[in-house]
Amino acid sequence: RHPLATFFHLFFRVSAIVTYLFCDWFSNSFVACFVTILLLLSFDFWSVKNVTGRLLVGLRWWNQIDEDGKSHWMFEAKRVPTIAASTEAEARIFWLGLIICPVIWTMFFFSTLFSLKLKWLALVIAGISLQTANLYGYIHCKLGGQKTISRVTSRLFGTADVPKRQSRRISEDGTEEHGKIGTR
């Protein structure tokens, strides 16, 4: 149903990784490679956060700062009980791309660190940060906000549920929003 969104979900991610691997072949300029990869990572972050997540899996997250300067994380999930076969394939592509790419950037981090190519370290950390921020936000959306995640982690680690302030809203278009309220 959304071939263009699926294409761009993978295009920016794969382009950043391929450019990182082969940029020395195409350019001798570290700055040009650095800026190109950072732009691709930024385009990927924006497109996944604002477009492909909403279209492919019906999830969205964002952060709001109130008048007091407190950060409020909002998580939104559309209530759609049945998924068509085409959107199920798109959802798999979305989640695989969302999970595999941070793992690849983490491998780049260790290879950069152990090969002592420290000038690339800032770029790799930016890649990890942007990729895992989207992964973190969409996992929160998928699991229904902090309350569900707290239950899952408490079962996993054997700790008690820690109560968190939680906001939950259902908007006119049938979407459910969860917000974890906290400070930065």
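Heavy-atom basis, side chains included; hydrogens, waters and symmetry copies ignored.
Cluster membership for Trp73 and Leu143, using ILVMFWY side-chain heavy atoms within less than 4.5 angstrom, is shared. Follow the hydrophobic side-chain contacts under 4.5 Å out from Val48 and you never reach Leu10; the two are in separate clusters. Under a hydrophobic-cluster definition in which Ile, Leu, Val, Met, Phe, Trp and Tyr are linked whenever side-chain heavy atoms come within less than 4.5 Å, directly or via other members, Ile125 and Leu41 are assigned to the same cluster. Val14 and Leu135 fall within a single hydrophobic cluster, where Ile, Leu, Val, Met, Phe, Trp and Tyr side chains are chained together by heavy-atom contacts under 4.5 Å. Leu116 is not connected to Leu121 by any chain of hydrophobic side-chain contacts under 4.5 Å among Ile, Leu, Val, Met, Phe, Trp and Tyr, and they are in different clusters.
For residues 41-56, the side chain to side chain donor-acceptor pair (under 3.5 Å) pairs, not counting sequence neighbours, are His9-Thr52, Arg13-Asp44, Asp44-Gln131. Residue pairs satisfying the salt bridge (charged side-chain N to carboxylate O under 4.0 Å, His left out) criterion with at least one member in residues 97-121, sequence neighbours excluded, are absent.
Proximity of a side-chain donor or acceptor of Asp66 to a complementary backbone N or O of Asp68 within less than 3.5 Å is detected. Between the side chain of Glu90 and the backbone N or O of Thr6 there is no donor-acceptor pair closer than 3.5 Å. Proximity of a side-chain donor or acceptor of Ser111 to a complementary backbone N or O of Phe108 within less than 3.5 Å is detected.
Using a 4.5 Å heavy-atom cutoff, the side chains of Phe75 and Leu59 are not in contact. The closest side-chain heavy-atom distance from Val51 to Phe8 is not below 4.5 Å. Using a 4.5 Å cut-off on side-chain heavy atoms (C-beta onward), Trp120 and Ser115 make no contact.
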Just distance, no hydrogens or angles: give the donor-acceptor pairs under 3.5 Å from side chains in residues 91-105, sequence neighbours left out.
unit_1, atom_1, unit_2, atom_2, d
Arg92, NH2, Glu88, OE2, 2.9

Show me the donor-acceptor pairs, under 3.5 Å and distance only, between side chains in residues 24-37 and residues at least two apart or in other chains.
unit_1, atom_1, unit_2, atom_2, d
Ser27, OG, Ser29, N, 3.1
Ser29, OG, Ala32, N, 3.2
Thr36, OG1, Ala32, O, 2.7

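Residues satisfying the side chain to side chain donor-acceptor pair (under 3.5 Å) criterion with Tyr20, sequence neighbours excluded, are Thr112. Phe45 meets the ring pair (Phe, Tyr, Trp, His ring centres under 6.0 Å) test with no other residue; sequence neighbours excluded.
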